[in-house]
**Q** 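Submitted below is the structure of interest, expressed as structure tokens.
A quick note: this is a predicted structure, and the numbers were derived from the prediction, not measured. Residues: numbered from 1 along the sequence shown.
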Amino acid sequence: MAASFYALSSRATTWMLLSTLASSFLMAASAGNFYNDVDIIWGQEKVEILNNGNDLTLNLDKSGGSGFQSKNEYQFGKIDMQIKLVPGNSAGTVTAYYLSSKGANWDEIDFEFLGNVTGEPYTLHTNVFSQGNGDRERQFHLWFDPTTDFHTYSILWNPKRVIFYADDVPIREFKNLEYLGIPFPKKQPMRIYSSLWNADSWATQGGRIKIDWKYAPFTASYSNFTADACIWAFGASSCDTNSPYSNSNSKTKVWLRHELDIAKKRKMRWVEKNHMVYDYCKDHKRFPHGPPLECSVDNN
């Protein structure tokens with residue numbers, strides 16, 4: 001009788017713990033509070049969390065930069081972050097905002113904002129890694145000044161595609177073409193990372209223009225972070241309805257099946273035509289024997 005009681009008590013305790021975890025996962029996914037949602041991993045003294053956790057700033061000076069990561073790992077989701085980039089002479093600085101897993105065969109989905117001298121545009125650098133392989137860079141000059149106000153940069157990641165957005169305008173789509181033997185990032189959970197750092201060896205005009213430290217400290221500002229995503233923990237996804245800590249029915253996650261409609265594709269074509277400044281698929285010097293396989297099929 002005592003053994004049965006303790007077994008029941010143990011199971012009850014386990015389910016209460018899982019229930020508590022489920023609640024915390026749901027809150028972390030929806031609260032959008034930097035105190036609750038991120039850990040400072042670099043340059044703690046150069047990070048400020050403001051306005052009761054709604055805003056965050058990263059700083060870079062001659063002694064180093066700063067960065068944070070999400071407390072949770074995710075496997076698929078719609079991630080939104082409002083960012084106001086370093087104003088003025090930002091040459092040599094990089095503000096990075098990306099999803100990444102760990103290990104030698106990591107997956108990664110990148111936004112990197114490459115600074116420039118005053119009056120010259122930022123370069124928005126995008127890339128997709130799968131199983132440790134990237135080399136899929138596309139770069140853009142934005143149609144707005146990203147330093148005067150906050151703008152929303154989003155990553156939509158589902159089993160069939162990755163879509164990059166700037167203010168809800170799609171700028172790039174990378175489709176799952178595994179049927180052609182092209183790896184796609186779908187098997188590894190990833191955290192959100194962001195950092196502000198010194199990359200003047202390559203970031204601005206191929207490294208020809210260095211950071212001018214008289215303008216330091218350089219500051220990037222963040223606000224309204226949201227992650228409507230499947231949280232990964234204990235080897236399972238919170239979108240799996242069979243999981244004991246499932247926080248929602250995956251059928252309600254519209255982004256899991258999302259694809260661009262005709263209007264959104266037209267907007268993306270406009271961005272490609274008017275604002276894309278580098279496309280790896282068209283770099284004949286880099287790929288003298290022809291572009292990578294995904295470039296020869298419809299990957300947009």
Side-chain angles (χ1 to χ4, degrees), residues 76-85 95-99 107-116 120-130 133-186 226 228 253-300:
F76 308 127
K78 174 71 159 45
I79 313 298
D80 301 310
M81 185 80 77
Q82 289 192 337
I83 306 174
K84 183 164 61 173
L85 297 175
T95 305
Y97 158 53
Y98 59 103
L99 287 164
D107 293 342
E108 187 169 317
I109 301 168
D110 287 344
F111 275 111
E112 289 186 301
F113 301 91
L114 314 185
N116 215 329
E120 295 296 321
Y122 262 84
T123 297
L124 171 52
H125 175 100
T126 66
N127 203 355
V128 178
F129 288 76
S130 184
N133 295 313
D135 298 330
R136 300 185 177 106
E137 301 91 345
R138 283 183 177 167
Q139 296 181 340
F140 306 84
H141 286 165
L142 294 164
W143 54 96
F144 52 81
D145 184 344
T147 70
T148 58
D149 204 351
F150 285 95
H151 292 270
T152 303
Y153 304 95
S154 306
I155 297 170
L156 187 146
W157 170 39
N158 68 30
K160 293 189 176 181
R161 54 186 42 83
V162 172
I163 305 174
F164 298 81
Y165 290 90
D167 285 342
D168 202 36
V169 175
I171 64 172
R172 178 178 183 182
E173 180 178 22
F174 185 83
K175 292 181 180 177
N176 184 339
L177 300 174
E178 288 178 307
Y179 70 94
L180 295 175
I182 299 166
F184 182 82
K186 73 174 190 180
T226 59
D228 183 9
K253 300 292 188 184
V254 176
W255 44 260
L256 272 173
R257 300 173 303 283
H258 180 77
E259 57 185 81
L260 295 175
D261 60 22
I262 292 174
K264 290 291 189 182
K265 286 183 178 180
R266 285 175 180 163
K267 286 186 177 181
M268 187 169 66
R269 300 287 183 249
W270 173 80
V271 173
E272 291 172 347
K273 180 179 179 181
N274 296 284
H275 297 280
M276 186 162 65
V277 296
Y278 176 81
D279 181 0
Y280 75 110
C281 287
K282 298 178 181 178
D283 192 335
H284 304 296
K285 291 183 179 179
R286 188 173 169 192
F287 302 106
H289 303 295
L293 179 59
E294 68 267 18
C295 299
S296 62
V297 298
D298 179 18
N299 194 30
N300 283 302

**Q** Would you please name every residue forming a salt bridge (charged side-chain N to carboxylate O under 4.0 Å, His left out) with Lys84, sequence neighbours left out?
**A** none
**Q** With side-chain contact (heavy atoms from CB on, under 4.5 Å) as the test, pick out the partner of Phe164 among Leu156, Val128, Val169.
**A** Val128
**Q** Would you indicate whether the side-chain heavy atoms of Leu114 and Gln139 approach each other to under 4.5 Å?
**A** yes
**Q** Could you grab the distance from atom OG of Ser130 to atom CD of Glu108, nearest 0.5 Å is fine?
**A** 11.5 Å
**Q** Sub-3.5 Å donor-acceptor pair from the side chain of His275 to the main-chain atoms of His141, do we have one?
**A** yes
**Q** Over all heavy atoms of both residues, which pair between Pro170 and Val271 is shortest? Give the atoms and the distance, please.
**A** O-CG2, 4.0 Å
**Q** Report the distance from atom OH of Tyr122 to atom CG of Leu85, rounding to the nearest 0.5 Å.
**A** 4.5 Å
**Q** Tyr97 side chain to Ile83 main-chain N or O, any donor-acceptor pair under 3.5 Å?
**A** no
**Q** What distance separates Asp279 CG from Phe140 CZ, expressed to the nearest 0.5 Å?
**A** 8.0 Å
**Q** Minimum heavy-atom separation for Lys264 to Asp168, with atom names?
**A** NZ-O, 2.9 Å
**Q** Taking the six-membered ring of Tyr165 as reference, does the cationic atom of Lys267 (NZ for Lys, CZ for Arg) lie under 6.0 Å from its centre and within 45° of its axis?
**A** no
**Q** Please name all residues satisfying salt bridge (charged side-chain N to carboxylate O under 4.0 Å, His left out) with Lys282, sequence neighbours left out, ordered by chain then number.
**A** none
**Q** Only one of Glu294, Arg138, Arg136 passes side chain to side chain donor-acceptor pair (under 3.5 Å) with Tyr280; say which it is.
**A** Glu294
**Q** Do Arg161 and Glu259 have side chains that approach each other closer than 4.5 Å (heavy atoms only, starting at C-beta)?
**A** yes
**Q** The criterion is side chain to side chain contact (heavy atoms under 4.5 Å, CB included); which residues satisfy it with Asn116, sequence neighbours excluded?
**A** Glu120, Thr204, Gln205
**Q** Check whether any side-chain N or O of Asn176 sits under 3.5 Å from a backbone N or O of Phe184 as a donor-acceptor pair, and report yes or no.
**A** no
**Q** Side chains of Phe144 and Asp167: does their closest heavy-atom pair fall under 4.5 Å?
**A** yes
**Q** Which heavy atom of Phe111 sits nearest a heavy atom of Ile155, and at what distance?
**A** CE1-CG1, 3.6 Å
**Q** Testing the basics here: between Trp157 and Val162, what is the closest heavy-atom pair and its distance to 0.1 Å?
**A** CD1-CG2, 3.8 Å
**Q** Only one of Glu112, Arg172, Met276 passes side-chain contact (heavy atoms from CB on, under 4.5 Å) with Thr126; say which it is.
**A** Arg172
**Q** For side chain to side chain contact (heavy atoms under 4.5 Å, CB included), just list the numbers for Asn127 and Tyr98, CA-CA rounded to whole Å, side-chain angles, deciding distance to a tenth of an Å, and then say yes or no.
**A** CA-CA 9 Å; Asn127 203 355; Tyr98 59 103; over 6 Å; no
**Q** Salt bridge or not for Lys78 and Asp80, using N-O below 4.0 Å?
**A** yes
**Q** Would you mind checking if Asp107 and Lys186 are paired as a salt bridge, meaning a charged N to carboxylate O distance below 4.0 Å?
**A** no
**Q** Is it the case that over 12 heavy atoms from other parts of the model lie below 6.0 angstrom from the NZ atom of Lys160?
**A** no
**Q** Considering residues, nucleotides and ligands other than Leu180, do more than 12 of their heavy atoms fall under 6.0 Å from its CG?
**A** yes
**Q** Looking at side-chain heavy atoms only, is the closest gap between Leu124 and Ile171 below 4.5 Å?
**A** yes
**Q** With a 4.5 Å heavy-atom cut-off, do Arg257 and Asn158 have their side chains touching?
**A** no
**Q** On a heavy-atom basis, which atom in Pro146 and which in His151 lie closest, and how many Å separate them?
**A** CA-CD2, 4.1 Å
**Q** Flag the pair Glu137 and Arg286 as a salt bridge only when some basic side-chain nitrogen lies within less than 4.0 angstrom of an acidic carboxylate oxygen.
**A** yes
**Q** Any side-chain heavy-atom pair from Asp110 and Phe129 closer than 4.5 angstrom?
**A** yes
**Q** For Phe76 and Pro185, which heavy atoms make the closest approach, and how far apart are they?
**A** CE2-O, 4.5 Å
